Every structure is written in structure tokens, then in C-alpha cells.
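Written out below as C-alpha cells is the structure these notes cover.
Predicted, not measured: the structure shown is a model, and the values here were computed from it.
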Amino acid sequence: MARISSRQTALKPQDLYVLLALLSRGGTSATYLDLAGQTGLAPSAVHATLKRAAAAGLAMFQDRRLRLLKPQLREFLLHGAKYAFPPVWGTLTRGVPTAYAAAPLNSIIAPSADPAPVWPHVRGTARGLALAPLYPSVPGAALRDERLYAVLSLFDALRAGQARERNAAQELLKKYFE
């Protein structure tokens, strides 16, 4: 009798990171090298993330090309990702602004007296409360790519923000899913 494997495939933070990088490109297919350059991951790691994303139903391979399944990704981002990848807060540090402190939300949400959330990074320009990025290479990649930075900071607003910030982030993310 054949034995059925009990191994479950689980999404990792870098899987969502690569999917958000694809979303920032408009959801169009890109080579593993392009995504590796954009995210700072190895091409083999990008390949593995896309295989897990396909197994999770967030992407699919069609004629050997990756196709982002935007409705499923949108549902996961808005309703599940904050539970799968909860925010991890740290202490005051220097870093790259994120969530409501970064564009595009910083033009909508007025800053408060509380320290702004930042991804700890050597080349950071702001001092604030450390929010662990989805993956360690996120701050560097965000500094290199403005569209990726916007998508990643909107995701942080979804997972770590208050109701007003989450609602504004949902509205701003709509354009990436069209």
C-alpha cells in the first residue's frame, strides 16, 4: 500500500515578499534573476518561493510562465497575512520608515506624537519604533525600488496599523490589483 506523505507545505515570509515584488511590477511575469535582483534573494530561493506560492493557490504556472492570481492574493493580504505574519515590534532605532510613516500613506495619515514605525537599517533616515520587516532584505530592496517600497509599507500598515491606517492601505492597494 502506498504511503501518503504527511508533510504540509507552508508559506514563508519570503514567499509573500516575492509575491509583493511581483505585484509591484504589475503582476507580470519576470525571470528568477529579475526577481532575485529586485528582492535580494538568490535565484534558487525565488524559484522555491514561487513553487510554494503556486502550491498555496496564490500563483500558477501557465505555459512555463508565472501568473499571479490577484483575487486570491488580495484576499490573503487583506484577511489572512496579518495572522500568518504578525508584526514583531522592537525598541527605538534608526531605520527606514514604513506603514503610515512612508509613502503613500504619509500623505493621508498625519503623524502623531508616537514614534513612527521603521524597519531597522544602517542607511535608515528616521528614528522610530522598530518593526521587523517581512524578510531581512526588505529595507535594502525598498530603498532601491520605490514601487516595491510602497507595496511593502502598505502591507505593514495592514498587519500593524490601526483601523484608519488599515482602511487607507486597503484603498491604496486596490490600484495594484487592477
Side-chain angles (χ1 to χ4, degrees), residues 10-26 30 32-46 48-49 52-53 73 76-177:
L11 284 178
K12 296 181 178 182
Q14 64 261 33
D15 302 344
L16 184 58
Y17 175 34
V18 170
L19 290 172
L20 292 175
L22 269 170
L23 187 65
S24 75
R25 293 170 161 261
Y32 296 137
L33 284 175
D34 290 341
L35 286 170
Q38 183 182 16
T39 60
L41 295 171
S44 60
V46 170
T49 66
R52 284 189 297 270
L73 179 60
F76 180 67
L77 267 181
L78 299 182
H79 304 294
K82 70 179 181 179
Y83 301 108
F85 310 111
V88 178
W89 294 99
T91 59
L92 283 175
T93 189
R94 179 184 196 157
V96 179
T98 186
Y100 70 84
L105 274 179
N106 64 355
S107 63
I108 298 171
I109 309 270
S112 68
D114 296 335
V118 297
W119 295 315
H121 194 266
V122 175
R123 291 188 2 221
T125 58
R127 183 166 170 78
L129 195 57
L131 174 60
L134 195 56
Y135 194 74
S137 63
V138 162
L143 291 172
R144 291 189 306 271
D145 185 340
E146 188 176 303
R147 286 182 56 88
L148 179 59
Y149 185 14
V151 171
L152 289 167
S153 65
L154 289 171
F155 170 69
D156 273 350
L158 287 175
R159 73 177 178 144
Q162 301 298 319
R164 183 167 177 245
E165 297 155 12
R166 287 193 312 268
N167 291 336
Q170 285 181 15
E171 285 300 313
L172 291 169
L173 275 171
K174 279 184 182 176
K175 74 176 184 178
Y176 293 99
F177 288 100

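Side chain of D15 to main chain of K12: a donor-acceptor pair is present (N/O by atom type, distance under 3.5 Å, no hydrogens or angles). Using modelled atom types, no side-chain atom of S24 and backbone atom of A150 make a donor-acceptor pair closer than 3.5 Å. Judged by distance alone, the side chain of R94 and the main-chain N or O of G124 form a donor-acceptor pair under 3.5 Å. In terms of modelled atom types and a separation under 3.5 Å, the side chain of R159 and the main chain of A81 share no donor-acceptor contact. S137 places a side-chain N or O within 3.5 Å of a backbone atom of T39 that can act as its donor or acceptor partner. In terms of modelled atom types and a separation under 3.5 Å, the side chain of Y17 and the main chain of L134 share no donor-acceptor contact.
Taking the six-membered ring where the residue is Trp, Y149 and W119 present tilted rings, their angle falling between 30° and 60°.
The two residues L131 and P87 come nearest to each other via the heavy atoms CD1-CB, 3.7 Å. Counting all heavy atoms, side chain and backbone alike, A141 lies closest to Q38 at CB-O, 3.3 Å. The shortest heavy-atom contact between L129 and L92 is N-CD2, 4.0 Å. The minimum heavy-atom distance linking P97 with A102 is given by the pair O-CB, 3.5 Å. Of all heavy-atom pairs spanning W89 and A160, the tightest one is CZ2-CB, 3.6 Å. Residues P120 and P139 come closest through the heavy atom pair O-CG, 4.0 Å.
Proximity of L158 to L78: side-chain heavy atoms (C-beta onward) are separated by under 4.5 Å at one or more points. Under the 4.5 Å side-chain criterion, counting only non-hydrogen atoms from C-beta, L172 is in contact with L105. Contact check for L73 versus F177: side-chain heavy atoms found under the 4.5 Å cut-off. Between Q14 and R52 the shortest side-chain heavy-atom distance falls below 4.5 Å.
With rounding to the nearest 0.5 angstrom, the CG atom of D145 is 9.0 Å from the CG atom of L152. Rounded to the nearest 0.5 Å, atoms OH (Y100) and CD (Q162) are 9.0 Å apart. Rounding to the nearest 0.5 angstrom, the gap separating the CG atom in D34 from the CZ atom in R25 is 5.0 Å. Taking OG1 from T49 and CG from L16, the interatomic distance works out to 10.5 Å, rounded to the nearest 0.5 Å. Note that CG of L19 and CG of L11 are 7.5 Å apart. Values are rounded to the nearest 0.5 Å. Between L173 atom CG and Y176 atom OH the span is 7.5 Å, to the nearest 0.5 Å.
For K174, the side-chain hydrogen bond (donor to acceptor under 3.5 Å, both in side chains) partners at least two apart in sequence or on another chain are E171.
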(request) For the pair L20 and L77, evaluate side-chain contact (heavy atoms from CB on, under 4.5 Å) and give the outcome as yes or no after the intermediate values. (result) CA-CA 10 Å; L20 292 175; L77 267 181; 3.7 Å; yes

(message) Under the criterion side-chain contact (heavy atoms from CB on, under 4.5 Å), I'd like the reasoning laid out for L41 against L35: C-alpha separation, chi angles, the key distance, then a yes or no.
(response) CA-CA 8 Å; L41 295 171; L35 286 170; over 6 Å; no

